[in-house]
Amino acid sequence: LNPLPPPVTQFLIEARGFVRVEIQRLTENRAVETLPEAPEGPGSEPLNQVISFINRHFAAPPDYAVIGYKA
């Protein structure tokens with residue numbers, strides 16, 4: 001009902017004293033297509049960084065696990 005985004009969960013785990021915290025995606029989200037990168041040219045590098053950010057956060061697999069080690 002109220003899912004936590006992976007970065008928030010990672011922060012909470014790190015705040016509790018865990019180290020080497022990583023997010024593992026468990027399934028693929030086949031319902032969402034990723035955006036294609038912009039062709040090479042002036043201004044394409046910053047645009048591709050934005051596209052990459054959108055693909056990582058909005059077209060990423062919905063199920064994940066957070067793994068951390070107690071320090």
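Just so you know, these numbers use all the heavy atoms, side chains as well, and skip hydrogens, waters and symmetry mates.
Side-chain atoms of Ser52 do not come within 3.5 Å of backbone N or O of Gln49 as any donor-acceptor pair. At distances below 3.5 Å, not a single donor-acceptor pair connects side-chain atoms of Asp63 with backbone N or O atoms of Leu26.
Val21 and Glu14 make their closest contact through CG2-CG, 3.5 Å (heavy atoms, listed as atom of the first residue, atom of the second, distance). The minimum heavy-atom distance between Glu37 and Ile51, with the atom names listed, is CA-CD1, 4.3 Å. Residues Asn48 and Ala38 approach most closely at OD1-N, 2.7 Å, considering heavy atoms. Between Pro6 and Ile23 the shortest heavy-atom distance is CB-CD1, 3.4 Å. Nearest approach of Gln24 to Ile67, heavy atoms of both residues: OE1-CD1, 3.5 Å. Scanning all heavy atoms of the two residues, the minimum distance from Pro39 to Ser44 falls at O-CB, 3.2 Å.
For the atom pair NZ (Lys70) and CZ (Arg20), the distance works out to 14.0 Å, reported to the nearest 0.5 Å. Distance check, rounded to the nearest 0.5 Å: CG of Asn55 to CG of Leu35 gives 5.0 Å. Residue Glu22 holds its CD atom at 14.0 Å from OH of Tyr64, rounded to the nearest 0.5 Å.
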